[in-house]
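Any value given below was found using the heavy atoms of this structure, including those in side chains, with hydrogens, waters and symmetry copies removed.
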Amino acid sequence: MKILIATDYYFPSIGGVSTAVRQMTQGLAQRGHDVRLLAPSPSWRFYEEKKAGVTIYRIRSLPLDISLNNLRYSPPFLHRSAVRKIISAFQPDIVHIHVPHLIPYTAFSIAKSMGIPVVATAHTLPENVSAILPLPKPMGMIVGNLYVKQIVGLYNHCDLVISPTEVGVNILKANGLQAPVMAMSNGIDLSRFEKRITETKKTVLAEKLHLPSRQIALYTGRLDKEKHLETIVRALPYLHTNCHVIIAGEGKQKDQLVAEAEKLGVSDKITFVGFVRENQLLTIYRLAKVFLMPSTAELQCLSAMEAMASELPVIAANAKALPYLVKNGENGYLFTPLHPKSLAEKLDALLSDKKLQKEMGKKGKLFIQKHALPKVMMELESHYLAILEKRKKIFSKQPVLSTYPVNFFNE
């Protein structure tokens, strides 16, 4: 198949969507498909590159906010002509859009005008939107909910909508989604986590980070408001076990978290290591004994999946989709969201029992096998084929005119 994927979020912008899109494009390419990706250029320049069998069209863009993980934006007047030429020349069988803002919107409208089927993956919760707005929480949630409703209006013209979990499916339906929708994992490349990490390599990294000789609890991901990392910092005074926390990642909340740690007198129990490159990520996971995820706005949580693939038990907030990954008492613990003492109790229970750590870690690694990327890509491929077969039957009977209002985007 010829598959065109469009996104506004891609590397060097760091985040779950960027990782999910990279996994999808590379996973489909490995299955022999001709995969092309429309993604923002990290500069004003338009160019084409090829990575891991995927052709990437880098669409000229402008900086949105460097503090927002190097996010870029590309207004339609900058890219519409180029995207139309790419789609017209490539003639994809399927167009797959992720978080339809600017580039995906354009790809969607052009694909619809050409009669090409469109699949959309929904990665966003209302909380993800409200968290980046400088508004009081109630007002931010109103805006977040309005955003989801607006996006659903577009999703209703798609041939298939995908959300990583049933949580997302239910939210989309509650906001008026009528199009075919299903829950399908983003998947995880488990082969990355099978690499052997030597004790020497772990020791070198621990010394480089000036880590004390204590059991390590780890968080990796964005340091942004909806992640509620203050819950981890505020849990430290309640801990009875000798623990040190690593927080890996960047985001707007970093300075506030550092100040909170100083205020509570726990700065010596926490290390902020910033952005971690791929070649160090596996080693950091192997240094840890437990993974922490206090976020209340996860549609799936790739970093928790990576931790499970690394055989780490996970302590997560009992919120949104995290209970789909963390089975309380089996591969980790769920704690009361936003309650530091609840988190501390679960962390004490795990850190004081090394046998339990290993048992939960093994169960987590076994559980995550069903999210293996090859399995997910086979499932996605089958849905693509079903859409194409359905269209083939329809068009073999009679010509079908699109009912989509092609002037929706002022084409």
Side-chain angles (χ1 to χ4, degrees), residues 1-10 17 20-21 24-25 28-29 33-41 46 48 54-61 73-124 150-163 172 177-182 184 380-396 399-411:
M1 272 183 288
K2 295 195 293 184
I3 304 164
L4 182 74
I5 296 173
T7 180
D8 281 321
Y9 303 93
Y10 200 67
V17 177
V21 171
M24 175 183 288
T25 55
L28 290 168
H33 300 292
D34 185 354
V35 183
R36 314 284 176 96
L37 173 64
L38 297 172
S41 168
F46 174 89
E48 183 180 326
V54 179
T55 299
I56 305 173
Y57 300 105
R58 289 291 192 168
I59 307 299
R60 62 178 61 188
S61 66
Y73 77 105
S74 179
F77 71 85
L78 281 183
H79 66 247
R80 187 180 297 277
S81 176
V83 170
R84 183 178 293 280
K85 287 178 182 177
I86 289 167
I87 295 177
S88 297
F90 182 41
Q91 290 290 311
D93 299 305
I94 291 277
V95 169
H96 193 142
I97 60 175
H98 291 258
V99 192
H101 291 156
L102 299 170
I103 296 172
Y105 265 131
T106 300
F108 170 90
S109 61
I110 293 171
K112 278 294 181 181
S113 70
M114 296 173 64
I116 300 169
V118 178
V119 174
T121 296
H123 295 277
T124 308
Q150 179 186 10
I151 294 300
V152 164
L154 180 144
Y155 287 158
N156 275 330
H157 296 285
C158 292
D159 294 80
L160 176 66
V161 178
I162 296 170
S163 181
L172 292 170
L177 184 69
Q178 301 296 320
V181 61
M182 60 169 294
M184 188 175 72
L380 179 60
E381 182 184 77
S382 69
H383 289 294
Y384 286 165
L385 291 171
I387 290 169
L388 294 175
E389 184 62 27
K390 182 179 179 181
R391 282 192 160 232
K392 183 179 177 182
K393 289 179 180 178
I394 292 173
F395 279 93
S396 67
V400 176
L401 298 176
S402 172
T403 58
Y404 182 76
V406 295
N407 63 341
F408 189 85
F409 295 100
N410 298 317
E411 274 285 295

Checklist line | Qualifying residues under ring pair (Phe, Tyr, Trp, His ring centres under 6.0 Å), relative to Y9, sequence neighbours excluded | finding: H101
Next item on the list: Look up atom OG1 in T7 and atom CD1 in I59, then write down how far apart they are to the nearest 0.5 Å.
Entry: 11.5 Å
Item checked: Listed partners of S61 passing side chain to side chain donor-acceptor pair (under 3.5 Å), at least two apart -> R72
Next item on the list: Sequence neighbours left out, what passes side chain to side chain donor-acceptor pair (under 3.5 Å) with T121? Give chain and number order.
Entry: H96
Item checked: Distance in Å, T106 OG1 paired with F77 CZ, rounded so as to fall on 0.5 Å steps -> 11.5 Å
Notebook entry, point to check: Residues in side chain to side chain donor-acceptor pair (under 3.5 Å) with S74, at least two apart?
Noted result: H79
Item checked: By side chain to side chain donor-acceptor pair (under 3.5 Å) - contacts of H98 (at least two apart) -> H123
Check: Residues in side-chain contact (heavy atoms from CB on, under 4.5 Å) with L388, at least two apart?
Finding: M1, D93, I94, P117
Checklist line | Heavy-atom side-chain proximity of P104 to V99 below 4.5 angstrom | finding: no
Margin query: Check this for me: does any side-chain nitrogen of one of K390 and D159 sit under 4.0 Å from a carboxylate oxygen of the other?
Written below: no
Next item on the list: Search all heavy atoms of I103 against all heavy atoms of P40 and return the closest pair with its distance.
Entry: CD1-N, 3.9 Å
Margin query: Checking N156 now: which residues fulfil side-chain contact (heavy atoms from CB on, under 4.5 Å) with it, not counting sequence neighbours?
Written below: V152, L177, Q178, A179
Note to self: Run I5 and V54 through side chain to side chain contact (heavy atoms under 4.5 Å, CB included) and show every step you take.
What the structure shows: CA-CA 10 Å; I5 296 173; V54 179; over 6 Å; no
Check: Taking only residues two or more places apart in sequence or in another chain, which ones pass side-chain contact (heavy atoms from CB on, under 4.5 Å) with R58?
Finding: Y10, P12, A39, S41, P42, Y47, E49, I56
Check: Do F46 and L78 pass the side chain to side chain contact (heavy atoms under 4.5 Å, CB included) test, and can you show the C-alpha distance, the side-chain angles, and the key distance before you say yes or no?
Finding: CA-CA 10 Å; F46 174 89; L78 281 183; over 6 Å; no
Check: Just one of K85, R36, E48 clears the side-chain hydrogen bond (donor to acceptor under 3.5 Å, both in side chains) bar with Y57, so which one?
Finding: R36
Next item on the list: Starting at CE of M184, measure out to CD1 of I162 and round the result to the nearest 0.5 Å.
Entry: 3.5 Å
Checklist line | Heavy-atom closest contact (Y384 atom, V119 atom, distance) | finding: CE2-CG2, 4.0 Å
Next item on the list: To the nearest 0.5 Å, tell me how far F108 CZ sits from L154 CG.
Entry: 4.0 Å
Next item on the list: Determine the minimum heavy-atom distance between K2 and Q91, stating which atoms define it.
Entry: CE-O, 3.1 Å
Notebook entry, point to check: Between P75 and L102, what is the shortest heavy-atom contact and its length?
Noted result: N-CD1, 4.4 Å
Next item on the list: Look up atom CE in M24 and atom CG in L37, then write down how far apart they are to the nearest 0.5 Å.
Entry: 11.0 Å
Check: Nearest 0.5 Å, what's the NE2-CE distance between H383 and M182?
Finding: 3.5 Å
Item checked: Minimum side-chain heavy-atom gap V118-I97 below 4.5 Å -> yes
Margin query: If I compare all heavy atoms of V95 with all of A111, which pair ends up nearest, and what's the gap?
Written below: CG2-CB, 3.8 Å
Item checked: side-chain contact (heavy atoms from CB on, under 4.5 Å) against P180, all qualifying residues, sequence neighbours excluded -> L160
